[in-house]
Amino acid sequence: MCGEPCFRIINDGKRDIRGVDDLLTALCRVLADARRKAEQGQERALAERHHSAQSYADRDRGLVGNFFRAADNIIGGAIGRAELIRLTEPDAPLSLLGWLRGAGLGQSARERERSDQLGAQHLQALHALNNLQAVIDGLAEREYSERVRRL
């Protein structure tokens, strides 16, 4: 018994399309399984990157760094994280927030934003994997015709 589909010609070699649906079902199962494995690998990699980015954003920054993380959270809550990031970019107009960027203001918000982006990518990968698994399950439930025998 083989793990992969095995085929042989059992008639006189004349073209006959009977059994093509079984052949396509077997081929789709193999291809879908290979894709599922690739999707699982990508999902695991995204999960690891998201976890790493979260850990990095939440790390202990010392007294001054933790003060600016708290300031990021307060200011980001008042004006929004995206606005805080925009106002603390190097090319932002000169302002108190831009000046404080040199001391670390906005860095925590940028790191948290990156972590959230990776989290969203991870969720998209999980969603794609779940959709693919539904297709694979549908193919796996399909019965071969009586023409298919194990070799």
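Model, not experiment: these values are computed from the prediction.
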As an exercise, state the distance from [atom1] of [X] to [atom2] of [Y], rounded to the nearest 0.5 Å.
X: Leu123; Y: Leu118; atom1: CG; atom2: CG; value: 11.0 Å
X: Ile74; Y: Ile79; atom1: CD1; atom2: CD1; value: 12.5 Å
X: Leu132; Y: Lys37; atom1: CG; atom2: NZ; value: 12.5 Å
X: Glu43; Y: Arg36; atom1: CD; atom2: CZ; value: 12.5 Å
X: Ser108; Y: Tyr56; atom1: OG; atom2: OH; value: 10.5 Å

**Request:** Please report the shortest heavy-atom distance between His122 and Ala47, naming the atom on each side.
**Result:** NE2-CB, 3.4 Å

**Fill in**
Scanning both residues in full, the closest heavy-atom pair of Ala125 with Leu46 reads CB-CD1, 3.6 Å

**Gln117 and Gln121 side chains, donor-acceptor separation under 3.5 Å** = no

**Message:** Taking Arg59's backbone N and O only, do any of them form a donor-acceptor pair with Arg69's side chain (distance below 3.5 Å, no angle check)?
**Reply:** yes

**Item:** Any donor-acceptor N/O pair, Ser52 side chain to Glu48 backbone, under 3.5 Å
**Value:** no

**Item:** Side-chain ion pair, Asp72 and Arg81, N-O less than 4.0 Å
**Value:** no

**Message:** Check this for me: does any side-chain nitrogen of one of Arg35 and Glu39 sit under 4.0 Å from a carboxylate oxygen of the other?
**Reply:** yes

**Request:** With side-chain contact (heavy atoms from CB on, under 4.5 Å) as the test, would you mind laying out the steps for Arg112 and Gln107 before giving the verdict?
**Result:** CA-CA 9 Å; Arg112 178 60 61 193; Gln107 182 174 348; over 6 Å; no

